[in-house]
Amino acid sequence: MGLSFPTRFPLHVYKRIPLFGLLVPHKASRSTYYISSFHRSSITMVTATNLGFPRIGANRELKKLVENYWNGKLDEKALLTGAKNLRAEHWNIQKKAGVQDGHIPSNDFSFYDQVLDHLHLFGVIPQKYQGLKFPLEAYFAMGRGLQRPDEGIDVPAMEMKKWFDTNYHFIVPEFQANQEFTLRSRKPIDEFVEAKALGIKTRPVLLGPVSFLRLGKAAKGQSFDPISLLDRLLPVYESLLRELANAGAEWVQIDEPILTFDLPAEFKNHYSKAYTKLSAVSGIKILVANYFGRLGENLDIVANLPIAALHVDLVRAPEELDAVLKIAQDKNLALSVGVINGRNIWKADLDAAIATVRRAVGLLGSDKVFVAPSCSMLHTPHSLEAETKMDKTILDWLSFAVQKLSEIAIITKAVNQGEDAVADALSANRKSMQARRTSPLIHDPQVQAEMKAVTEEMFKRKSPFPQRAAAQQAKLNLPPFPTTTVGSFPQTKEVRVARQKLKKGEWTPAEYEAFIKAETDKCIRFQEQVGLDVLVHGEFERNDMVEYFGENLKGYVFSQNGWVQSYGSRCVKPPIIYGDVSRPNPMTVEWSKYAQSKTQKAMKGMLTGPVTMLQWSFVRDDQPRRDTAFQLALAIRKEVQDLERAGIPVIQIDEPAIREGLPLRHSDWQEYLNWAARAFLLSSTGVEDTTQIHTHMCYSDFNDIFSTIQALDADAITIENSKSDLKLLNAFERYGYTNGIGPGLYDIHSPRVPSEEEMRERLQEMLKYLKKDLVWVNPDCGLKTRGWPETERALSNMCRVAESFRKSA
Ligand code: MET
Ligand SMILES: [Zn+2]
């Protein structure tokens with residue numbers, strides 16, 4: 001694999017040139033500009049830096065490496081060598097792009113997850129993994145579980161959670177009340193030394209002690225706050241910093257992203273204690289990095305840390321520039337200005353970024369300013385180089401990690417040497433900004449007119465739920481405890497192969513369609529046999545619940561290689577919403593009509609909701625997320641109305657991602673929840689009372705968004721429940737819920753078949769909290785990852801349970 005990348009403007013590493021004069025006129029900037037004089041020493045350049053590089057590789061090399069290792073095709077040595085080569089390649093890319101030596105990140109590499117790495121680094125290994133071989137066997141077992149029945153080994157994976165509001169998942173640290181910490185691995189030091197041997201000086205990246213503890217939890221059965229372990233943990237961080245300093249590291253980047261959360265008051269002391277200790281280690285300078293949002297009240301915390309530099313996310317919190325500049329000025333800190341969006345895929349407005357950097361330079365002096373991405377580039381795809389099929393106009397608006405490095409270099413050079421030095425790059429950037437702003441591809445007058453015509457009436461059903469329920473019952477005549485499923489049925493190998501054959505042209509569309517219809521027929525026959533009441537077509541025509549709709553909507557593009565790590569070796573390729581969204585043609589109507597024609601029972605149409613479409617895509621940055629959600633909602637509303645017209649009596653609009661869209665700060669929740677609920681309402685309310693609207697949610701703790709679930713006013717919701725120990729039901733009891741609801745009776749993530757007995761108990765338990773005429777009977781989520789044999793057995797048990805409750809009701 002070569003190291004070339006599509007930078008139209010070859011960039012080189014800039015030497016730091018000592019400048020002796022005090023006043024340096026800045027040519028070619030719009031306003032006359034002088035580098036302020038009083039902090040000048042010999043170095044007077046702003047520094048191009050990075051916070052982290054996507055570790056997965058240009059062609060998902062890391063995924064292939066670890067998966068081949070897991071399935072025995074690669075031995076440990078080959079795995080380690082492969083990883084080493086990948087790290088070298090990524091350091092070289094960054095160096096070549098112009099990131100300053102000393103500010104190229106290391107220890108941002110991980111075989112699975114960087115938080116898991118820290119558990120190994122500090123020897124935080126829960127008991128059940130301690131018998132396994134250290135490091136790799138224990139490491140991967142903690143990440144993904146390990147089953148070797150012949151040797152009596154059967155350990156589950158540790159808990160995984162979403163990393164802030166990203167789609168990356170981290171392993172949740174689990175601590176003992178008497179937790180000991182030791183420097184158990186040398187990974188950060190080894191990687192620093194490894195890079196040094198290649199002639200590259202890196203800036204090791206660590207997760208900070210306060211964030212590390214705060215993101216973790218007490219081991220099961222223990223009740224203590226992990227932050228109480230801070231005193232025990234700090235000495236290990238100190239030794240680590242000492243070792244890094246001895247190895248020659250000049251800077252260390254310590255990430256403290258929990259500064260973007262609301263924190264209890266005592267965290268000010270925790271932070272001050274931690275960084276007083278760490279900054280006392282001599283020979284290494286500390287950069288504390290916050291990202292993903294504003295510091296808010298926590299500005300007060302960082303203002304008092306004895307550190308050398310602070311990184312701030314000016315993409316998410318541009319309004320804090322003045323406040324952080326003041327802190328940096330008062331405390332004589334270097335400021336790492338995160339001006340390139342590490343969370344999205346659009347080209348940056350370089351003029352705007354340069355202006356921001358210049359403001360910082362004006363106040364702090366150029367030696368105190370680092371140009372940086374807003375956060376680690378872990379959350380963006382590797383490079384646009386592989387995108388050969390995308391519309392060239394749209395391609396010109398995009399920037400993946402490698403291109404973002406170039407943007408950082410251009411900004412740095414413009415500030416250091418004047419805009420003339422990067423004139424071509426800047427004019428190309430202005431051209432593409434302008435083209436995007438005015439492109440007819442983005443701006444669709446039809447969509448905008450329709451958005452303007454949206455009235456308040458369009459957010460409401462015709463009648464309140466009780467009336468609708470009666471009208472629907474008159475039409476559907478469902479038994480008590482009606483049974484249904486969440487939508488998808490097993491996506492077998494044959495189904496996936498069929499799709500590939502169509503893609504490769506080995507099958508004609510007609511052949512493919514015939515195959516999918518046959519699968520649908522089988523699925524419907526099975527549902528009838530087993531006695532389900534509201535049927536689904538099975539979603540065999542869909543690869544993915546977002547991609548399928550994205551491919552059928554205007555305003556979306558798909559990359560070929562825009563992979564982003566989601567967890568472990570798993571990557572996702574989020575579609576890109578580039579323009580006003582509309583629905584040129586019905587997307588699901590033919591399939592649902594076909595399915596309904598095959599049965600006398602009610603067929604449920606199956607759609608993905610606006611908030612989930614938004615949440616699982618890269619979205620436009622030129623209008624608020626809310627506006628994009630509403631455009632999506634309007635497109636889905638039309639699909640809902642077409643389904644109704646086609647005689648589909650029940651329509652489900654899935655919103656599994658509504659909870660994960662919650663902002664990081666509590667005070668921002670209500671605003672989000674309001675528009676999220678309104679987007680769902682806009683998509684779902686354009687129907688007659690007799691049409692039954694379902695929604696579905698999974699993947700989270702719903703107690704936070706309880707009133708929003710009610711506000712969606714769906715006629716029924718199927719909701720994941722079986723894993724949360726009925727916690728959800730307590731919330732229903734506490735807040736009350738008035739519409740139909742089916743808390744999942746069994747977990748679909750495991751091939752295990754739940755017994756009738758087990759599900760009967762669950763249902764019984766639910767009836768303590770929910771009115772029986774509101775209760776639906778269904779699994780937790782769709783069945784696409786399951787096989788047919790276990791699906792048949794589980795659903796027939798489930799239907800028998802519903803049957804027995806009807807008899808006794
Ligand atoms: C992640 S939610 C999935 C809902 C979808 N209808 C399915 O059954 O697969
Ligand atoms: Zn689900």
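Numbering of ligands and ligand atoms starts at 1, following listing order.
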Of all the atoms in ligand 1, which lie at a distance below 4.0 Å from a heavy atom belonging to G487? 8 (O)
If the plane angle is over 60° it's perpendicular, under 30° parallel, otherwise tilted; pick one for W70 and Y112. tilted
Specify the closest pair of heavy atoms between E639 and L607, including all atoms of both residues, with the distance to one decimal. CG-CD2, 3.5 Å
Geometric class of the F706/Y735 ring pair [parallel <30°, tilted 30-60°, perpendicular >60°]: parallel
Could you check whether R752 pairs with D747 (Lys NZ or Arg NE/NH1/NH2 to Asp/Glu carboxylate O, under 4.0 Å)? no
Tell me, which protein residue and heavy-atom name are nearest atom 3 (C) of ligand 1, and how many Å apart are they? M545 SD, 3.6 Å
Give yes or no for whether the N/O distance cutoff of 3.5 Å, strictly under, is met between V486 and ligand 1. yes
Give yes if a backbone or side-chain nitrogen or oxygen of D654 is under 3.5 Å from a nitrogen or oxygen of ligand 1, and no if not. yes
Which one of P656, S488, C698 has a non-hydrogen atom at the shortest distance from atom 9 (O) of ligand 1? S488
Below 4.0 angstrom from a heavy atom of E539, which ligand 1 atoms are there? Numbered from 1 as shown, please. 5 (C), 6 (N), 7 (C), 8 (O), 9 (O)
Determine the minimum heavy-atom distance between N778 and G742, stating which atoms define it. ND2-O, 2.9 Å
Mutual orientation of the aromatic rings belonging to Y594 and W591 [parallel < 30°, tilted 30-60°, perpendicular > 60°]: perpendicular
What are the protein N, O or S atoms, given as residue plus atom name, that sit under 2.8 Å from the Zn ion (ligand 2)? H696 NE2, C698 SG, C781 SG
Salt bridge or not between K517 and E513? Use side-chain N to carboxylate O under 4.0 Å. yes
Check: H379 ring centre within less than 6.0 Å of F164 ring centre: no
Applying side chain to side chain contact (heavy atoms under 4.5 Å, CB included) to K784 and E539, what does each step give before you reach the verdict? CA-CA 9 Å; K784 72 179 196 189; E539 302 182 20; 5.8 Å; no
Ligand 1 atoms in contact with C781 (distance to a heavy atom under 4.0 Å): 1 (C), 2 (S), 3 (C)
Quick note on ligand 1: atoms under 4.0 Å from a heavy atom of H696 include exactly 2 (S), 4 (C)
Check ring pair (Phe, Tyr, Trp, His ring centres under 6.0 Å) between Y737 and all other residues, then give those that pass, not counting sequence neighbours. F732
Would you mind running through ligand 1 and noting each atom that sits below 4.0 Å from a heavy atom of G782? 7 (C), 8 (O), 9 (O)
